[in-house]
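Here is how names work: the chains are called A, B, and so on, in the same order as the sequence lines, proteins then strands, and each is numbered from 1.
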Number of protein chains: 2
Amino acid sequence: MPGRNIDEWIDRYLSVSFLVMKRGAALVKGSLCEEMTHDQYYLLRYIRRRGACTSTELAAMFGVNKSAVTAMTNRLVDKGWLRRDRDKNDRRVIVLSLTEQGEAWIAEMDRSVYRLVEEVIARFPEEEIETFIRTYERLARVLQEVEEAK
Amino acid sequence: MPGRNIDEWIDRYLSVSFLVMKRGAALVKGSLCEEMTHDQYYLLRYIRRRGACTSTELAAMFGVNKSAVTAMTNRLVDKGWLRRDRDKNDRRVIVLSLTEQGEAWIAEMDRSVYRLVEEVIARFPEEEIETFIRTYERLARVLQEVEEAK
DNA sequence: ACTAATAGTTCAACAGTTGAATAAAATGGA
DNA sequence: TCCATTTTATTCAACTGTTGAACTATTAGT
């Protein structure tokens, strides 16, 4: 009965992924300052790691509409954490990058979020952590492939 | 250098969890009908599995305010998928449960979402799936413990 | 009996999202 | 070169999900 096993995995995955998403978001939000939301923290983190990028790229990366990115980046620009610059070579393109203030805020938030995640991670054996994260990263790639195939 | 290793895990975990959350949500939403949102699907699934429950329980489970649950359940009751009943023994309590229509809709949505998740899961070796889900479930429990300890 | 605590709702305000309409700039084939 | 098409980003109205404070109704603890 291979189908039986797979359906059980699907059910367990769907149930647990929603739980972890919600509980994780609540915990992370509790570690952030009032001025920064959960989604803003992750978006700024992504831009810091990725370097300057465009709204089209962000929309594709996170599977949202470009207008959603415009709305989010508007708030981040208003707060002085993000900068918009026109691309010299292609004047349609707006390049997004962190401001110095943005770098400072995200570094500050990182400190408390890292403490939180460390507290969670510390409860797992090292090998289990490494194995889990590796599969998680593989899952992220597979989700992108599946999305592109549609 | 144990600290070095942990910081790397934390960084990788934060990055990949946001990616999977966003991309996964986009894919699941694409498998649902227009009438049902991503969060509504998961909430109805939880109530089906859990059986009748209260808004206080849902709020604690998902780490949100009770008023958020009221707002969500209002929309689900309006759609005829969820029912509110006063508890006979404690008249402060409102018991939430699926209607027959709710059961039918969620079963219908399950069919397409299961197809999607199966497509994703099929790309992993069986042992990796089982190992991953087991750690994921353990993570959900740890997040609850950490939250309760605050 | 009276104060505390508990369960749930309401409300205003906000963040995030969609989808359609728009503007501006680049591309590419005739 | 010209013009249609594509690409990039924004605006707008409408919606979902969320918070936090204020509120109602009920129960629990002395």
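Between the B:Ser17 side chain and the B:Leu14 main chain, a donor and an acceptor come within less than 3.5 Å of each other. No side-chain donor-acceptor contact under 3.5 Å links B:Glu108 to the backbone of B:Trp105.
In this structure, B:His38 places its NE2 atom 12 Å from P of C:dT18, rounding to the nearest Å. A straight line from CE of A:Met72 to P of C:dT18 spans 12 Å, rounded to a whole angstrom. We find that CZ of A:Phe62 is positioned 18 Å from C1' of C:dT18, with the value rounded to whole Å. One atom, CG of A:Leu44, and another, P of C:dG16, lie 10 Å apart when rounded to the nearest Å.
Checked by atom type, the side-chain pair B:Arg115/B:Ser31 shows no donor-acceptor distance below 3.5 Å. Residues A:Thr73 and A:Arg84 bring a donor and an acceptor atom of their side chains to less than 3.5 Å of each other.
Chain B approaches DNA chain D over the interval D:dT16 to D:dT27, counting the first and last nucleotide 5' to 3' with an atom under 4.0 Å from its heavy atoms.
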Please tabulate the protein-to-nucleotide N/O contacts below 3.5 Å involving nucleotides 3-10 of chain C, giving atom names and distances.
unit_1 : atom_1 : unit_2  : atom_2 : d
C:dT6  : O2     : B:Arg92 : NH1    : 3.0
C:dG8  : OP1    : B:Ile94 : N      : 3.0
C:dG8  : OP1    : B:Ile94 : O      : 3.1
C:dG8  : OP2    : B:Ser55 : OG     : 3.4
C:dG8  : OP2    : B:Thr56 : N      : 3.0
C:dG8  : OP2    : B:Thr56 : OG1    : 2.4
C:dG8  : O5'    : B:Ser55 : OG     : 3.3
C:dG8  : N7     : B:Lys66 : NZ     : 3.1
C:dT9  : OP1    : B:Arg84 : NE     : 2.9
C:dT9  : OP2    : B:Thr70 : OG1    : 2.8

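For B:Lys29, no side-chain nitrogen or oxygen approaches OP1 or OP2 of C:dT17 to under 4.0 Å.
The nearest pair of heavy atoms linking B:Val95 to B:Ala52 is CG1-CB, 3.4 Å.
The partner of D:dT6 is C:dA25, by the rule that a Watson-Crick or G-U pair needs both atom distances under 3.5 Å. With a cut-off of 3.5 Å on both pairing distances, the Watson-Crick or G-U wobble partner of D:dT18 is C:dA13.
With respect to A:Glu130 and B:Arg12, a salt bridge is recorded, a charged nitrogen being found less than 4.0 Å from a carboxylate O. Looking at A:Arg141 and A:Glu145, no side-chain N of the basic residue comes within less than 4.0 Å of a carboxylate O on the acidic one, giving no salt bridge.
Applying the 90° criterion around 0 to the glycosidic angle, C:dA4 comes out syn.
The hydrophobic cluster containing B:Val93 does not contain B:Ile47, counting ILVMFWY residues as joined when their side-chain heavy atoms lie under 4.5 angstrom apart, directly or transitively.
Residue B:Asn65 is classed as a base contact, given a heavy-atom separation below 4.0 Å to a base.
Between B:Glu34 and A:Asp39, it is A:Asp39 whose nearest contact on DNA chain C lies nearer the 5' terminus.
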Pairs under 3.5 angstrom only: tabulate donor-acceptor contacts from the side chains of residues 58-69 of chain B to other protein residues two or more places apart or in another chain.
none

